[in-house]
Amino acid sequence: CEMKEAMIWLQTTKDALVKIDYYAIDNPKDKFSSDTQKSESSNGFTNHIVLNKLQPGKQYQYDVFLDGKKVVLPYETSFSSKKLWLWREDAPDFTVAFGSCNYINEESVDRPGKGYGSGYEIYESIHAKKPNIMLWGGDNVYLREADWDSKTGIYHRYTHSRSIKELQPLLASTQNFAIWDDHDFGPNDATGSWPLKRESLEAFKLFWTNPSYGMPEFEGISTAFRIRDVDVFLVDNRYHRTHHALADSCDRRMLGQAQINWLVEALKYSRAPFKLVVCGSQVLNSEAVHETFANYPCEQAYLLQRLADEKIHNLVFLTGDRHHSEQAQRTVGGVVFHEITSSPLTSGVHNQADEENNRYRVPGSLGKTRGYATLRFSGPTKKRSMLIRFHNQDGKIYYESTINSLNP
């Protein structure tokens with residue numbers, strides 16, 4: 001949702017003509033219609049429907065039409081266009097929800113035994129918090145052996161995971177942005193050598209409505225956007241990744257030089273009181289375990305040193321993947337960097353995290369349960385704060401802390 005345009009993601013189960021009618025809640029008689037699109041199998045029956053008759057700072061209601069007939073949905077379908085506040089007033093307060101690792105069981109293709117996923121009502125809990133946006137931190141679907149080697153399989157997995165009833169209200173009235181990690185890119189621990197990486201990228205573009213995907217200098221899912229006064233950077237930790245066990249550690253890369261150059265320059269340009277960098281792999285963890293950035297020691301050190309040299313303050317990494325949650329804080333060259341790891345949403349919980357010697361973990365922040373994080377941004381323009389909360393799947397808060405913005 002921007003000031004003058006919004007994009008609605010919609011998927012059907014068969015060929016159909018789709019359109020959306022919408023109106024500002026304070027003026028319901030003045031209705032607008034989107035262009036009509038054809039939903040068909042070639043695009044996975046997905047549609048990105050642009051609504052381009054918006055005014056800033058308005059709340060809108062919308063209705064879905066299939067083949068000319070209105071679809072009656074059992075949940076709210078609404079959105080708000082961005083408010084024009086800059087130079088006029090303090091930035092509005094707002095809330096971001098964040099999580100990763102969403103596994104939806106499908107018995108016919110899952111491993112034998114107890115299902116790896118459960119607790120889908122977590123999405124009702126997130127929706128009840130009424131976040132302004134939901135950030136999906138990777139492993140948003142889990143491609144199975146039956147999925148990852150064909151476009152048909154990849155589209156099926158996205159469709160199956162996206163279709164659960166508990167998720168629909170969150171999709172229908174909250175802005176959703178996403179990155180990916182290995183399980184929505186390819187097989188477990190897949191790297192940039194995965195031969196179907198372009199098919200995975202095509203599916204990602206169909207099932208998410210991020211502002212853009214990659215840059216002219218490099219392919220992938222990287223992009224950036226602003227929510228109120230906070231800049232959000234979505235980085236791609238898969239498309240250009242090499243294997244973390246390559247013999248020469250300085251030949252290994254997770255992000256790649258072109259993406260790092262883009263990220264550092266974009267962060268340098270930002271004047272936001274907080275800068276959120278969303279990445280599928282943990283960035284600050286001191287230990288080279290599983291797929292943390294520490295497995296790429298030369299690139300990790302290079303990125304953090306460049307950020308420190310450029311004095312990129314108020315930088316918070318949002319990461320997932322690990323099937324536990326924690327907060328970390330690391331100082332490089334006098335610059336303090338923060339990390340919020342939130343995982344899993346509905347997949348299994350791992351218990352090894354307390355055995356790791358992550359030197360940068362904030363004491364008391366480790367969570368070993370299904371859940372999600374919320375980030376509440378508030379305060380006057382030059383004294384913004386970010387309230388971090390970890391919630392279990394029922395929404396109960398089990399950890400919180402506050403980071404205040406610096407103005408060096």
salt_bridge(Arg370, Glu121) N-O dist < 4.0 Å: no
Would you tell me whether Asp309 and Gln305 have side-chain atoms, one donor and one acceptor, within less than 3.5 Å of each other? yes
State, yes or no, whether a side-chain contact exists between Tyr213 and Phe204 at a heavy-atom distance under 4.5 Å. yes
Between Gln11 and Thr46, a side-chain donor and acceptor under 3.5 Å: no
If you measure only the distance, is there a donor-acceptor pair under 3.5 Å linking the side chains of Ser281 and Arg241? yes
Between Ser193 and Thr191, is there a side-chain donor-acceptor contact under 3.5 Å, judged purely by atom types and distance? yes
One thing to verify: whether Lys151 and Glu202 come together as a salt bridge, which I'm taking to mean a side-chain N less than 4.0 angstrom from a carboxylate O. yes
Any side-chain to backbone donor/acceptor pair from Gln168 onto Ile164? Under 3.5 Å, distance only. yes
Mind checking whether Ile49 and Val18 have side chains closer than 4.5 Å, heavy atoms only? yes
Less than 6.0 angstrom from the centroid, inside 45 degrees of the normal: does Lys197 satisfy that with respect to the ring of Tyr239? yes
Ignoring hydrogens and angles, state whether a donor on the side chain of Asn314 or Ser405 is under 3.5 Å from an acceptor on the partner side chain. no
Which class fits the ring pair Tyr399 and Phe390: parallel under 30°, tilted 30 to 60°, perpendicular over 60°? tilted
Ring geometry between Phe225 and Phe177 (parallel below 30°, tilted from 30 to 60°, perpendicular above 60°): parallel
With no hydrogens and no angle check, is any side-chain donor or acceptor of Gln37 less than 3.5 Å from a backbone partner on His48? yes
Do you know which two heavy atoms are closest between Ser200 and Ile154, and how far apart they sit? OG-CD1, 3.9 Å
Taking only residues two or more places apart in sequence or in another chain, which ones pass side chain to side chain donor-acceptor pair (under 3.5 Å) with Asp35? none
Would Gln282 and Asp321 count as a side chain to side chain contact (heavy atoms under 4.5 Å, CB included) here? Give the steps. CA-CA 8 Å; Gln282 281 189 314; Asp321 172 58; over 6 Å; no
Under-4.0 Å salt bridge between Arg389 and Glu400: yes
Smallest separation among heavy atoms of Pro344 and Val349, with atom names: CG-CG2, 4.0 Å
Does Glu40 use its side chain to pair, donor to acceptor, with the backbone of Phe45 at less than 3.5 Å? no
How are the rings of Tyr62 and Phe79 set relative to one another: parallel (under 30°), tilted (30 to 60°) or perpendicular (over 60°)? tilted
Is the backbone N or O of Gly57 less than 3.5 Å from a side-chain atom of Ser81, with the two atoms forming a donor-acceptor pair by type? yes
Under 4.5 Å between any side-chain heavy atoms of Met134 and Leu170, yes or no? yes
Just to verify, which of Tyr372, Tyr75, Trp136 counts as forming a ring pair (Phe, Tyr, Trp, His ring centres under 6.0 Å) with Tyr123? Trp136
In terms of side-chain heavy atoms, does Asp110 have a donor or acceptor partner in Tyr103 at a distance below 3.5 Å? yes
Could you tell me whether Arg226 sits above the aromatic face of Phe94, with NZ or CZ closer than 6.0 angstrom to the six-membered ring centre and within 45 degrees of the axis? no
Applying salt bridge (Lys or Arg N to Asp or Glu O under 4.0 Å), which residue pairs with at least one partner in residues 171-191 are found, sequence neighbours left out? Asp181-Arg238
Hey, are Arg157 and Glu106 close enough for a salt bridge, meaning a charged N less than 4.0 Å from a carboxylate O? yes
Is the backbone N or O of His243 less than 3.5 Å from a side-chain atom of Tyr296, with the two atoms forming a donor-acceptor pair by type? no
Quick one: are Gln61 and Thr77 in side-chain contact, heavy atoms under 4.5 Å? yes
Please state whether the rings of Phe207 and Trp9 are parallel, tilted or perpendicular, taking 30° and 60° as the class boundaries. tilted
Is the shortest side-chain N to carboxylate O distance from Asp21 to Lys19 below 4.0 Å? yes
Does Thr223 form a side chain to side chain contact (heavy atoms under 4.5 Å, CB included) with Ser212? I'd like the steps, not just the answer. CA-CA 6 Å; Thr223 189; Ser212 62; 2.6 Å; yes
Within 45° of the six-membered ring axis of Trp208 and under 6.0 Å from that ring's centre, is NZ or CZ of Arg162 located there? yes
For residues Asn392 and Thr369, is any side-chain donor paired with an opposing acceptor at under 3.5 Å? no
Sole residue of Asn140, Asp236, Asp139 in side chain to side chain donor-acceptor pair (under 3.5 Å) with Trp180: Asp236
Partner of Arg322 under salt bridge (charged side-chain N to carboxylate O under 4.0 Å, His left out), picked from Glu339, Glu356, Glu291, Glu287, is Glu356
So, His324 versus Thr341: side-chain donor-acceptor pair below 3.5 Å or not? no
When you look at Thr402 and Met386, which way does the side chain to side chain contact (heavy atoms under 4.5 Å, CB included) test go after all the steps? CA-CA 6 Å; Thr402 300; Met386 180 177 69; over 6 Å; no
